[in-house]
Amino acid sequence: MTERMDVPRLRELIDGVLAGLYQRYGHRDLPELCERLRLPPPPREEGTPSISA
């Protein structure tokens, strides 16, 4: 027997996490955050100097 995923509850949980990240981190923090979360780095903003590690 398979269980159905509670999509509204999953969306609620994800929204809470994303809202917290959005409020806590700025664009300059994204490369480090993506690295910690093992995500690809974000694209550079036009006119923004590159950030060297």
Side-chain angles (χ1 to χ4, degrees):
M1 182 178 257
T2 60
E3 292 183 39
R4 293 187 146 250
M5 184 181 298
D6 186 354
V7 175
R9 176 68 179 140
L10 179 60
R11 188 172 283 147
E12 181 182 313
L13 293 170
I14 291 172
D15 283 348
V17 171
L18 292 178
L21 292 174
Y22 174 78
Q23 292 172 355
R24 183 173 178 183
Y25 295 100
H27 189 78
R28 291 182 140 189
D29 304 315
L30 286 180
E32 181 183 337
L33 177 62
C34 288
E35 185 176 328
R36 286 190 315 177
L37 296 174
R38 297 180 185 191
L39 296 171
R44 267 187 64 213
E45 282 186 316
E46 290 295 320
T48 303
S50 62
I51 300 171
S52 308

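Bear in mind that the values here come from a model prediction, so they are computed numbers and not experimental data.
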Asker: Between Asp29 and Arg24, which heavy-atom pair has the shortest distance, and what is it?
Answerer: OD2-O, 4.5 Å
Asker: Please report the shortest heavy-atom distance between Pro42 and Cys34, naming the atom on each side.
Answerer: CD-SG, 3.8 Å
Asker: Applying side-chain hydrogen bond (donor to acceptor under 3.5 Å, both in side chains), name anything that partners Arg9, two or more places apart in sequence or on another chain.
Answerer: Glu12
Asker: Do Tyr25 and Leu37 share a hydrophobic cluster, counting only Ile, Leu, Val, Met, Phe, Trp and Tyr and linking them when any side-chain heavy atoms are less than 4.5 Å apart?
Answerer: yes
Asker: If Ile, Leu, Val, Met, Phe, Trp and Tyr residues are connected whenever their side-chain heavy atoms lie under 4.5 Å apart, and connections chain through other members, are Val7 and Leu13 in the same group?
Answerer: no
Asker: Taking side-chain contact (heavy atoms from CB on, under 4.5 Å) as the test, write out the residues that go with Arg38, two or more places apart.
Answerer: none
Asker: Can you name the side-chain hydrogen bond (donor to acceptor under 3.5 Å, both in side chains) partners of Arg11, sequence neighbours left out?
Answerer: none
Asker: In the structure I gave you, are the side-chain heavy atoms of Leu21 and Val17 within less than 4.5 Å of one another anywhere?
Answerer: yes
